[in-house]
A.B. asks: 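Provided herewith is a single structure, encoded as structure tokens, for subsequent inquiry.
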Amino acid sequence: MNISKVILSISKFFLLILLSIVLLPLKAQQPHTNNLYEFDNNSTTRWSSFENINAEKGKGGMENNGAKGHPSNGIKPGETKVLMHATGAGIVNRIWITINDRSPEMLRSLKLEMFWDGESKPAVSVPFGDFFGVGLGQTAKYHNAFFANPEGRSFLSFIQMPFKKEARIQVTNESGKRLTHLFFDINFQKINKWNDNYLYFHSFWSRDTATTLGEDFKLLPQVTGKGRFLGVNVGVNANPVYNDYWWGEGEVKMYLDGDGKFPTLVGTGAEDYIGTGWGQGEFFNDYSGCLAANKDNLGWAFYRYHVPDPVYFKKDIKVTLQQMGGNKKELVSALQNKGVPLVPVAIDDLVKINPLYKKDSLVRLDTPGLPEGFSNFYRSDDVSATAYFYLDKPSDELPPLQPLSIRLYKLKDNH
């Protein structure tokens, strides 16, 4: 027997095992897809649009004797338009929408909702514009793994959204004016067999127009259940009382499965979380980006999606962002002496980080003996966020969408 051939055969055997171990989780992350050249006997393709609102077989484009008869609809103030209503099991694969009024006011006034399996409480209830990946009620030319807007005039989502019994997607116009044109199509698969490992898609939006000193902003308040955190897009309107000083020293924290005072996952800063460093300028890629960085208006919009680095939770999850900025000690000290609301946290003297933060007392940065350097400090800004996650149930315990008065408060265009 040739020993080298035996060793080679054993090596190949273990290599195949290793590959199966590596590739199996990747396949499990996308259980609804197959190779492009394979026929899927478990699914039937359907499109919902105004030309076939019920996505029925052989009933598309009937309204004008087969000619273009109903490509769009208007939505009156206070009116709700159902864009998709499907029964049985299925998976939404793609959503495309375009509207004629893409002002920040309209993007924040349209409410997008998604209901799964006949639940009365939506799993998604968010401002339309913010849902499609750009914070601050903005639009931009970009694309990434989840969303796209090829020329700044349309809104696409590629997030897969399974449902077991029923799906309803709708848009409500909560503005005071009629939206004259909404075009859309929602592409989904009806499936014959439901996989118990499938999770329901959820999304949550919130805003705090003036965050509290020393309190982390909740990108995602606590959610109970089993699931996967997909990521978040964040909008920051920096408070001008801090001049143009950097606002993004805050760390992203993820509290998983019973974490108490301290989280399991902690980042190192807002720009670090999205994969850049030393501040944020405009950029985008598949999993992270900054789509608005307006130093004149002090507005930033950025995102991070956890596709190659999945975040799973078995019992619960909470995700927060510290409200913290930084600048040279003497500049921050000058703000403090003027009475600007801030709490010193630490000084980086280029040798080490010198902690200053105490909950029961406030350190004065002009105290003799403190080192020179870069001072981090808690601050108060206007922050909003849209979080995306999967959950093992079709509804959640999160609060309803905040009223229009909060969504539109001091809204501005940051482009």
Side-chain angles (χ1 to χ4, degrees), residues 30-34 38-63 68-75 79-99 110-126 128 131-132 146-148 154-173 182-204 225 227-228 230 388-396 401:
Q30 296 182 323
H32 329 305
T33 61
N34 59 345
E38 291 182 5
F39 189 85
D40 185 1
N41 282 305
N42 187 46
S43 68
T44 303
T45 303
R46 290 289 183 266
W47 291 3
S48 179
S49 72
F50 287 129
E51 292 282 16
N52 189 358
I53 196 65
N54 294 315
E56 296 181 86
K57 179 174 172 54
K59 293 189 177 181
M62 297 176 64
E63 289 195 35
K68 189 172 183 176
H70 194 170
S72 68
N73 247 336
I75 310 180
E79 185 181 13
T80 296
K81 288 289 186 185
V82 175
L83 307 185
M84 171 188 170
H85 186 196
T87 57
I91 302 167
V92 175
N93 293 314
R94 176 183 179 269
I95 300 172
W96 166 83
I97 302 176
T98 187
I99 54 179
L110 293 175
K111 179 173 66 174
L112 176 66
E113 293 181 300
M114 303 181 189
F115 301 80
W116 310 127
D117 290 2
E119 291 285 330
S120 59
K121 185 178 186 300
V124 174
S125 183
V126 296
F128 175 87
F131 174 80
F132 286 96
F146 288 166
F147 302 104
S154 60
F155 303 86
L156 289 104
S157 165
F158 306 108
I159 300 176
Q160 292 184 301
M161 307 173 187
F163 53 95
K164 187 176 182 179
K165 300 176 183 177
E166 183 183 16
R168 187 170 89 252
I169 299 177
Q170 63 188 38
V171 174
T172 301
N173 182 359
L182 183 150
F183 299 77
F184 82 97
D185 63 63
I186 298 176
N187 313 135
F188 66 100
Q189 303 295 115
K190 298 183 73 173
I191 58 175
N192 302 323
K193 185 179 180 182
W194 175 261
N195 187 325
D196 288 336
N197 285 325
Y198 290 177
L199 300 169
Y200 295 93
F201 175 72
H202 294 245
S203 183
F204 176 77
R228 175 177 179 175
L230 290 179
Y388 311 91
F389 61 101
Y390 285 118
L391 199 60
D392 60 351
K393 47 192 175 183
S395 63
D396 55 57
L401 178 61

A.B. asks: If you measure from OG on Ser395 to CD on Glu119, what distance do you get to the nearest 0.5 Å?
C.D. replies: 3.5 Å
A.B. asks: For Lys165, which residues count as a side chain to side chain donor-acceptor pair (under 3.5 Å) partner, sequence neighbours excluded?
C.D. replies: none
A.B. asks: Around Lys59, counting heavy atoms of other residues, nucleotides and ligands shown, do more than 12 lie under 6.0 Å from its NZ?
C.D. replies: no
A.B. asks: Calculate, to the nearest 0.5 Å, the distance between atoms CG and CD belonging to Asp117 and Glu166 respectively.
C.D. replies: 7.5 Å
A.B. asks: If you define the side chain from C-beta out and look only at heavy atoms, does anything of Ile99 sit under 4.5 Å from Ile75?
C.D. replies: no
A.B. asks: According to salt bridge (charged side-chain N to carboxylate O under 4.0 Å, His left out), does anything in residues 82-91 pair up with another residue at least two apart or in another chain? List the pairs.
C.D. replies: none
A.B. asks: For Asn73, check side chain to side chain donor-acceptor pair (under 3.5 Å) against everything at least two apart and list the hits.
C.D. replies: His70
A.B. asks: Under the side-chain contact (heavy atoms from CB on, under 4.5 Å) test, which residues partner Pro122, sequence neighbours left out?
C.D. replies: Glu113, Phe115, Ser125
A.B. asks: Distance check, rounded to the nearest 0.5 Å: Leu112 atom CG versus Ile169 atom CD1?
C.D. replies: 7.5 Å
A.B. asks: Report the residues that fulfil side chain to side chain donor-acceptor pair (under 3.5 Å) with Thr80, sequence neighbours left out, ordered by chain and then residue number.
C.D. replies: Thr172
A.B. asks: Under the ring pair (Phe, Tyr, Trp, His ring centres under 6.0 Å) test, which residues partner Phe204, sequence neighbours left out?
C.D. replies: none
A.B. asks: Tell me which pairs pass salt bridge (charged side-chain N to carboxylate O under 4.0 Å, His left out) where either residue lies in residues 190-201, with sequence neighbours left out.
C.D. replies: none
A.B. asks: With sequence neighbours left out, write down each residue that passes ring pair (Phe, Tyr, Trp, His ring centres under 6.0 Å) with Phe163, or none if nothing qualifies.
C.D. replies: none
A.B. asks: Can any side-chain N or O of Trp116 pair as donor or acceptor with the backbone N or O of Phe201 at less than 3.5 Å?
C.D. replies: yes
A.B. asks: Applying the ring-ring contact (aromatic ring centres under 6.0 Å, His included) test to Phe155, which of Phe146, Phe183, Phe132, Phe184 qualifies?
C.D. replies: Phe132
A.B. asks: CG/Leu199 to OH/Tyr390 distance, rounded to the nearest 0.5 angstrom?
C.D. replies: 8.0 Å
A.B. asks: Check whether any side-chain heavy atom of Met161 lies under 4.5 Å from a side-chain heavy atom of Phe188, and answer yes or no.
C.D. replies: no
A.B. asks: Could you give all pairs that pass the side chain to side chain donor-acceptor pair (under 3.5 Å) test and reach residues 45-57, with sequence neighbours left out?
C.D. replies: Thr45-Gln189
A.B. asks: Run the side-chain contact (heavy atoms from CB on, under 4.5 Å) test on His85 and Ile53 for me, step by step, so that the C-alpha distance in whole Å, both residues' side-chain angles and the decisive distance to 0.1 Å come before the verdict.
C.D. replies: CA-CA 8 Å; His85 186 196; Ile53 196 65; over 6 Å; no
A.B. asks: Partners of Tyr388 by ring pair (Phe, Tyr, Trp, His ring centres under 6.0 Å), sequence neighbours excluded?
C.D. replies: Phe131, Phe147, Tyr305
A.B. asks: Phe158: what forms a side-chain contact (heavy atoms from CB on, under 4.5 Å) with it, not counting sequence neighbours?
C.D. replies: Arg94, Ala148, Leu156
A.B. asks: For the residue pair Tyr198 and Ile191, establish whether any side-chain heavy-atom pair is separated by less than 4.5 Å.
C.D. replies: yes
A.B. asks: Mind checking what makes side chain to side chain donor-acceptor pair (under 3.5 Å) contact with Lys81, not counting sequence neighbours?
C.D. replies: Glu79
A.B. asks: To the nearest 0.5 Å, what is the distance between CG (Asp185) and CE (Met84)?
C.D. replies: 12.0 Å
A.B. asks: Go through Met114 and Val92 one step at a time and tell me if the side-chain contact (heavy atoms from CB on, under 4.5 Å) criterion holds.
C.D. replies: CA-CA 11 Å; Met114 303 181 189; Val92 175; over 6 Å; no
A.B. asks: Are Leu83 and Ile97 close enough that some pair of their side-chain heavy atoms sits under 4.5 Å apart?
C.D. replies: yes
A.B. asks: Rounded to the nearest 0.5 Å, what separation is found between the CG atom of Asp396 and the NE2 atom of His202?
C.D. replies: 5.5 Å
